[in-house]
Amino acid sequence: EAYEMILFERQGAAGIIRLNRPKALNALCDAMMAELADALARMDADPAVAAIIVTGSEKAFAAGADIREMQARRYPATYMDDFVAPWEAVLGVRKPVIAAVAGFALGGGCEMAMMCDIILAAESAKFGQPEINLGMTPGAGGSQRLTRAIGKAKAMEMVLTGRMMGAEEAERAGLVARVVPADALLAEAVKMADTIGGLSAPAVAMAKEAVNAAFELPLREGVRLERRMFLSLFGTEGQQEGMAAFLEKRKPVFRR
Ligand code: HXC
């Protein structure tokens, strides 16, 4: 591959994207975001991939947007080129995306993790929105997604003071699904991807869409969407296989 700032591999049903700019603690520059968007699209289209893992190094998932690159930006030119737009590529991915976070997930790094579907954290993970220390605010959804994930009290404190939150606190607060030892992080993420890979793909895709709709829709509309999806799944092989296997007391085998 022609990527310079990310590594790209498959392991089981997982497509693994590793942010790889160690000298800058994986600071997210424009070139890396373009590569990430490309890799995400390729893995989303690859039938062998059931779930995508985005991860970084032991020291940093990502220490935020590249401050060196942003420093020269001025308004309104920066409004016209909207460099943040490509960051949202991950929101268009239909397969589950797991952020496997060790070390720093700060600013845009924390925001990137929150745009993924599941955050799995190593004990070393540190989350924060330190933009306030740069005379800025979060810019890729941090003020919104952090607040929805952990509530106003902690989100306001973190966004207003830049305080970092460790993995244990992040799990208690509801930001991360699970905390695992650092040396087991990738293996746990791959296990999760393999679990998802063993399930009915249309059910997985609809389940992701339904949960995400909870952030966008009023309750009544969200429940209506869920109901339509649920009922439509009676048209899938997965439903026939899953229910037959349960009643026959055997493991279901879902075709991908
Ligand atoms: C550019 C960065 C960087 C960043 C670290 N580096 N974070 N470069 N942009 N966001 C570089 C450092 O300049 C340094 O390069 C090298 O990585 C190692 O970092 P150190 O600071 O020496 O490491 P350490 O002392 O361990 O401190 C780690 C740290 C600190 C606490 C994570 O690096 C830090 O505070 N980084 C900035 C975090 C931040 O403010 N993030 C939010 C960015 S704004 P050299 O060349 O000196 O060795 C943002 C907005 C997003 O994300 C909005 C949407 C786009």
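Counting starts at 1 for both ligands and their atoms, following the listed order.
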Item to check | For ligand 1, the residues whose heavy atoms come within less than 4.0 Å (ordered by chain, then number) | outcome: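 The 4.0 Å shell around ligand 1 contains Lys23, Ala24, Leu25, Ala27, Lys59, Ala63, Gly64, Ala65, Asp66, Ile67, Met70, Phe83, Val84, Trp87, Phe104, Leu106, Gly107, Gly108, Glu111, Pro130, Glu131, Leu134, Gly139, Ala140.
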
Next on the checklist: Taking ring-ring contact (aromatic ring centres under 6.0 Å, His included) as the cut-off, I'd like each qualifying pair that reaches into residues 79-124, sequence neighbours left out, listed once.
Outcome noted: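 Of all non-adjacent pairs touching residues 79-124, none passes ring-ring contact (aromatic ring centres under 6.0 Å, His included).
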
Item to check | Polar side-chain atom of Lys208 near backbone of Lys95 as donor-acceptor pair, under 3.5 Å | outcome: yes

Checklist entry - Hey, does the side chain of Asp44 reach the backbone of Val93 with a donor-acceptor pair shorter than 3.5 angstrom? => result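 No; judged by distance alone, with no hydrogens or angles, the pair does not exist.
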
Next on the checklist: Run the salt bridge (Lys or Arg N to Asp or Glu O under 4.0 Å) test against Lys59 and tell me which residues pass, sequence neighbours left out.
Outcome noted: none

Next on the checklist: Among residues at least two apart in sequence or on other chains, which ones pass ring-ring contact (aromatic ring centres under 6.0 Å, His included) with Phe234?
Outcome noted: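 ring-ring contact (aromatic ring centres under 6.0 Å, His included) list for Phe234, sorted by chain: Phe230.
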
Checklist entry - Does a salt bridge link Glu188 with Lys191, judged by any charged N lying under 4.0 Å from a carboxylate O? => result yes

